[in-house]
There are 2 protein chains.
Amino acid sequence: MKNPAPSPPPEKPARKGALRPALLAAARTLLDREGADAVTIRAVARACGVSHAAPANHFADRRSLLTALAAELFADLAETMENALAGAPQNPANKGFGTARLTAFGEALVAYGLAHPERYRLLWRRDLLDGEDAALQGTMDRLYARLLEELSALPLPAGKDPETAAVGLWSLCHGYISMRLDGNFIARRDKESGAPRHSAMIANYLAALAPQAHPA
Amino acid sequence: MKNPAPSPPPEKPARKGALRPALLAAARTLLDREGADAVTIRAVARACGVSHAAPANHFADRRSLLTALAAELFADLAETMENALAGAPQNPANKGFGTARLTAFGEALVAYGLAHPERYRLLWRRDLLDGEDAALQGTMDRLYARLLEELSALPLPAGKDPETAAVGLWSLCHGYISMRLDGNFIARRDKESGAPRHSAMIANYLAALAPQAHPA
DNA sequence: CAGATCTTATTGACACTGTCAATATATCTC
DNA sequence: GAGATATATTGACAGTGTCAATAAGATCTG
């Protein structure tokens with residue numbers, strides 16, 4: 001049974017302390033394919049070819065495993081959003097009000113949610129996650145701060161609280177994604193603009209922030 | 001052991017076919033107190049003082065029980081919303097654009113969500129509910145249709161799709177509630193108007209629908 | 001190199017869940 | 001009352017998270 005050769009036999013578990021990332025990878029696959037319910041400790045262990053209690057050495061409990069996964073996913077989302085912002089034009093320094101960057105922000109958020117339903121859902125499953133987790137909390141806060149930063153860079157008209165505007169944009173996107181993922185709205189196009197409904201929705205919202213609406 | 005008296009002994013289960021409503025009532029209590037996770041078939045049975053398999057005669061499975069409960073809750077919500085609309089002023093027939101009724105709609109929705117976290121959450125837990133259920137589906141559709149009806153009664157400016165406006169308002173409220181219930185936003189007041197943030201948010205959104213914004 | 005220590009994995013158990021099958025007990029109808 | 005129907009009980013099974021005891025490997029120490 002014992003292999004005297006010192007070279008690692010090419011088994012499934014890659015020798016070193018590689019079980020933890022393997023568990024997270026398996027969890028991610030399971031999540032995408034069958035949803036958060038299917039991400040059980042035992043199923044993840046099975047997928048990695050280890051015993052049902054092996055994960056306990058890396059994650060105290062199921063909540064801890066899912067929280068670590070969610071932290072990864074949130075980092076992915078944050079990166080996606082950052083890329084979207086990087087690709088958006090800078091605000092015109094003097095020309096006043098540009099909503100291109102906020103549009104990019106909202107569109108990227110909705111796109112991610114619709115593209116990765118189970119991942120997006122998990123991010124907000126507070127019953128499954130440890131809300132106190134520093135990594136998770138930190139990434140979320142940073143993303144929100146990023147939005148607030150973009151909004152504060154704009155010359156909002158008097159009477160508009162930038163924080164209310166930020167909460168509004170986020171709520172709008174989050175609500176739309178949630179409803180769509182729950183099968184409640186249908187992917188349609190705006191009857192007037194012909195754009196996807198969520199795009200028109202975001203555009204309408206952002207136009208309202210501008211000092212003066214410019215009607216067609 | 002056998003009681004020859006024909007009068008019903010005053011035990012917990014009220015004699016007749018009263019187990020079904022009793023189960024639903026117990027489920028509601030459990031939901032409010034400990035969340036949807038705690039609403040298990042066995043826990044509900046325990047609360048009613050019956051055996052763990054008794055509920056099977058009234059609900060095929062857990063999903064069926066939760067769906068029936070959610071249908072009740074949705075009906076409650078619909079009634080609350082209807083009352084809110086009934087209390088709102090009629091639209092001025094000639095004076096053009098009145099957002100009072102839409103405001104009432106949004107405010108009532110948010111108020112319900114914040115007041116009954118677990119109930120509101122359950123309504124959208126598609127993983128726990130039977131989305132095909134006619135009663136559930138019907139109540140939801142009617143509520144959305146009601147919103148659309150209110151919106152269609154308004155003279156939206158050219159270039160605004162009423163359905164996009166409806167989806168937007170609903171998304172805004174739903175997203176805000178969801179975030180709040182997940183502990184992500186904090187109850188604050190709008191820095192400018194001094195109103196609760198969600199009120200300012202809704203007001204801003206609705207003002208944007210009007211043909212012409214009237215700055216202060 | 002040998003021994004001790006720390007990390008990691010395994011096995012087995014417990015309580016809890018949903019769900020099914022077989023059984024018993026009401027209640028209603030004729 | 002007798003049969004039929006609706007409802008409740010008991011017991012079992014597989015699945016889950018989690019804990020304790022054990023075993024094996026790696027790593028550090030001398």
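Order of the sequence lines fixes the chain letters, A, B, ..., with proteins taken first and strands second; residue numbering starts at 1 for each chain. Note that these values count all heavy atoms, side chains included, but never hydrogens, waters or copies made by symmetry.
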Discussion item. Checking B:Leu129 against B:Arg63 for the side chain to side chain contact (heavy atoms under 4.5 Å, CB included) test, could you report, in this order, the C-alpha distance in whole Å, the side-chain angles of both residues, the deciding distance, and whether it holds?
Written reply: CA-CA 5 Å; B:Leu129 304 179; B:Arg63 174 176 305 256; 5.7 Å; no
Fill in: Trace of the salt bridge (charged side-chain N to carboxylate O under 4.0 Å, His left out) decision for A:Asp161 with B:Arg188
CA-CA 12 Å; A:Asp161 178 348; B:Arg188 281 271 180 81; over 6 Å; no
Worksheet item: Could you go step by step and tell me if A:Arg28 and A:Asp76 meet the salt bridge (charged side-chain N to carboxylate O under 4.0 Å, His left out) rule?
Response: CA-CA 12 Å; A:Arg28 190 187 282 233; A:Asp76 285 357; 2.9 Å; yes
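Proximity of B:Arg46 to the phosphate of C:dC16: no side-chain N or O atom is located under 4.0 Å from OP1 or OP2. A close approach under 4.0 Å does not occur between any side-chain nitrogen or oxygen of A:Ser51 and OP1 or OP2 of C:dA9.
The interatomic distance linking B:Leu66 (CG) with C:dT17 (P) rounds to 14 Å, in whole Å. Atom-to-atom, CZ of B:Arg20 to P of D:dA6 comes out at 15 Å; the value is rounded to the nearest Å.
In the region residues 53-65 of chain A, proximity to DNA chain D at under 4.0 angstrom, judged on heavy atoms, holds for A:Ala53, A:Asp61, A:Arg62. Of the residues in residues 29-38 of chain B, not one comes within less than 4.0 Å of DNA chain C through any heavy atom.
Considering A:Lys191, A:Glu192, A:Arg197 as possible partners of B:Thr164, the one that fulfils the side-chain hydrogen bond (donor to acceptor under 3.5 Å, both in side chains) test is A:Arg197.
Ion pair A:Asp182/A:Arg121 flagged as a salt bridge, since at least one NZ, NE, NH1 or NH2 atom sits closer than 4.0 Å to an Asp/Glu carboxylate oxygen. Using a cut-off of 4.0 Å between Lys/Arg side-chain N and Asp/Glu carboxylate O, B:Glu82 and B:Arg146 are scored as salt-bridged.
Note on ring orientation: taking the six-membered ring where Trp is involved, the planes of B:Trp124 and B:Trp170 are perpendicular (angle over 60°, cut-offs 30° and 60°). Ring geometry, B:Phe185 versus A:Tyr144: the interplanar angle falls from 30° to 60°, so the pair is classed tilted.
Contact of A:His52 with D:dG15 (side chain to base): no donor-acceptor pair of N or O atoms is detected under 3.5 Å. A donor-acceptor contact under 3.5 Å links the side chain of B:Arg42 to the base of C:dT19.
For DNA chain C, each stem of at least three Watson-Crick or G-U pairs (distances under 3.5 Å) is given as range with range: C:1-30 with D:1-30.
A:Arg125 CZ: more than 12 foreign heavy atoms inside a 6.0 Å radius.
Between B:Ala108 and B:Ala84 the shortest heavy-atom distance is CB-CB, 3.6 Å.
Aromatic pair B:Tyr120/B:His174: centroids less than 6.0 angstrom apart.
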